[in-house]
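Whatever order the structure lists them in is the order used to number ligands and atoms, beginning at 1. Predicted model, so just to flag it, every value in this text is computed and none were measured.
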Amino acid sequence: MGLPFILLNYKTYLQGTGQEAVKIAKACQAVSEESGIEIAVAPQLPDIYRVALEVDLPVFSQHLDGIGAGSFTGQIFGGSLKAAGASGTLINHSEKRLTLAEIEASLNAAKKFGFKTVICTNNVPTTAAAAILEPDYVAIEPPELIGTGIPVSKADPEIVRASVKAVSSLKPEVKVLCGAGISKGEDLKAALELGAKGVLLASGIIKAEDPKAALEDLISLV
Ligand code: G3P
């Protein structure tokens, strides 16, 4: 099955804000170095630079706009993310939903800077559609399970299995992640057994008393 890819989304949780963002990233780096598992972090925009400065991990943005350099006030330019140390981005997270045209524009902008790209989706048809755009990953996350602690790999295994099947039949080079409610070792194991290549998660780690211990539990059955 190979080692999974783990992408930790900090969202706007206080526990992952400012200097706390660095502390969690350092915990991720320690677990990644101990296990050999690739762990990427997606802090909030203003924390990307401080995190990238302190850790040797892939640092992702939680969003990127489909714009170039110029007069785009308030938008997120891939060039500034790259300069801040980011090397990847989420696109279309359920908490930052985009139109199809915006998804494509963000993806093209991200690719211009050589970013790893993860398009977030909410069901099998949108997962298939996202795969056609050829991101590096699609991340299937049923919104109703996000933040619940009820893992998608247990609550709705079929959505993961069907997403993997759809993507592999359309764009086999695109890898599938799953997310929503993932926190324990058995959740990650179940996800990998369903054909996912990794997980996208947030609260199970960011809000944990001991994020490093929570990460170690997450990978304990890999
Ligand atoms: O981006 C991942 C996120 O939406 C999943 O949230 O808290 O259920 O791990 P959570």
Side-chain angles (χ1 to χ4, degrees), residues 4-17 20-21 24-25 27-28 31 37-45 47-48 51 57-64 76 86 88-98 103 106-107 110 115-123 126-127 130 135-157 159-160 163 175-192 194 196-220:
F5 172 50
I6 296 171
L7 178 48
L8 180 60
N9 179 5
Y10 287 33
K11 301 195 175 184
T12 59
Y13 287 120
L14 269 183
Q15 298 92 325
T17 297
E20 298 304 305
I24 289 180
C28 292
V31 173
I37 290 174
E38 185 181 12
I39 300 176
V41 292
Q44 295 169 72
L45 277 169
D47 295 325
I48 286 176
V51 169
L57 286 176
V59 179
F60 276 46
S61 181
Q62 295 178 16
H63 170 71
L64 172 151
I76 301 166
T89 188
L90 292 176
I91 296 171
N92 191 49
H93 189 276
S94 70
E95 295 150 9
K96 180 72 178 168
R97 270 292 180 242
L98 303 176
I103 292 169
S106 291
L107 184 67
F115 279 13
K116 284 283 182 212
T117 53
V118 179
I119 298 181
C120 299
T121 59
N122 59 307
N123 58 31
T126 57
T127 301
D136 294 289
Y137 298 91
V138 289
I140 173 70
E141 289 198 305
E144 67 279 7
L145 293 175
I146 290 175
T148 64
I150 302 167
V152 59
S153 47
K154 296 253 178 75
D156 192 354
I159 203 167
V160 180
S163 291
K175 296 179 278 284
V176 177
L177 304 177
C178 67
I182 301 279
S183 63
K184 301 275 178 255
E186 61 263 27
D187 306 339
L188 173 57
K189 181 169 180 283
L192 298 177
L194 290 164
K197 295 299 181 200
V199 292
L200 176 55
L201 75 170
S203 54
I205 306 299
I206 299 287
K207 295 169 75 176
E209 273 300 303
D210 180 343
K212 184 171 186 289
L215 271 170
E216 286 165 342
D217 175 50
L218 178 73
I219 65 168
S220 59

Undergrad: Answer whether the closest heavy-atom distance between the side chains of Val138 and Val118 falls below 4.5 Å.
TA: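 No, every pair of side-chain atoms sits at 4.5 Å or beyond.
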Undergrad: Gly147 to ligand 1: N or O pair under 3.5 Å?
TA: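 N/O-N/O distance below 3.5 Å exists for this pair.
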Undergrad: Quick one: does Ala180 get an N or O within less than 3.5 Å of an N or O on ligand 1?
TA: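 No - when backbone and side-chain N and O of Ala180 are compared with those of ligand 1, no distance drops under 3.5 Å.
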Undergrad: Got Leu90 and Lys96 here, is their nearest side-chain heavy-atom distance under 4.5 Å?
TA: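 No, too far: nothing below the 4.5 Å cut-off.
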Undergrad: Would you say that His63 contacts His93 through its side chain, given a criterion of any heavy-atom pair below 4.5 Å between the two side chains?
TA: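 Not touching, per the 4.5 Å side-chain cut-off.
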Undergrad: I'd like to check Ile182 versus Val152 (side-chain heavy atoms, cut-off strictly below 4.5 Å). Are they in contact?
TA: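 Counting from C-beta outward, Ile182 and Val152 do come under 4.5 Å.
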Undergrad: For atom 9 (O) of ligand 1, grab the closest protein heavy atom and report residue, atom and distance to one decimal in Å.
TA: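 Among all protein heavy atoms, the one nearest atom 9 (O) of ligand 1 is Ala202 N, 2.8 Å.
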Undergrad: Looking at every heavy atom in both Pro135 and Ala130, which two are closest together, and how far apart are they?
TA: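 Closest heavy-atom pair between Pro135 and Ala130: CD-O, 3.2 Å.
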Undergrad: What part of Ser203, side chain, backbone, both or neither, has a heavy atom within less than 4.0 angstrom of ligand 1?
TA: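 The answer is both.
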Undergrad: Hey, which atoms in ligand 1 end up nearer than 4.0 Å to a heavy atom of Leu201?
TA: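 Once the distances to Leu201 are compared, the set is 9 (O).
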Undergrad: With heavy atoms under 4.0 Å as the rule, classify the contact between Lys11 and ligand 1 as side chain, backbone, both or neither.
TA: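 Answer for Lys11: side chain.
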Undergrad: For ligand 1, which atoms, with element, lie under 4.0 Å from some heavy atom of Asn9?
TA: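 Answer, ordered by atom number: 1 (O).
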Undergrad: Does any non-hydrogen side-chain atom of Lys154 lie less than 4.5 Å from one of Asp187?
TA: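 The answer is yes, as the side chains (C-beta and beyond) meet within the 4.5 Å cut-off.
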Undergrad: Gly204: heavy atom below 4.0 Å from ligand 1, yes or no?
TA: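 For ligand 1, residue contact (heavy atoms, under 4.0 Å) with Gly204 is absent.
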Undergrad: Got Leu194 and Ser153 here, is their nearest side-chain heavy-atom distance under 4.5 Å?
TA: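 Sidechains of Ser153 and Leu194: in contact.
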Undergrad: Find out whether Lys197 and Val176 are in side-chain contact, i.e. whether some heavy atom of one side chain is under 4.5 Å from a heavy atom of the other.
TA: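 Of all side-chain heavy-atom pairs linking Val176 with Lys197, none is under 4.5 Å.
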Undergrad: Of the protein's non-hydrogen atoms, which lies at the shortest distance from atom 3 (C) of ligand 1, and what is that distance?
TA: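 Its nearest protein heavy-atom neighbour is Glu141 OE2, 3.1 Å.
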Undergrad: Hey, is ligand 1 close enough to His93 that some N/O pair sits below 3.5 Å?
TA: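 So ligand 1 has an N or O lying under 3.5 Å from an N or O of His93.
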Undergrad: Considering the heavy atoms of Ile146, write down every atom of ligand 1 situated less than 4.0 Å from one of them.
TA: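 Checking each atom against Ile146, I get 4 (O), 6 (O), 8 (O).
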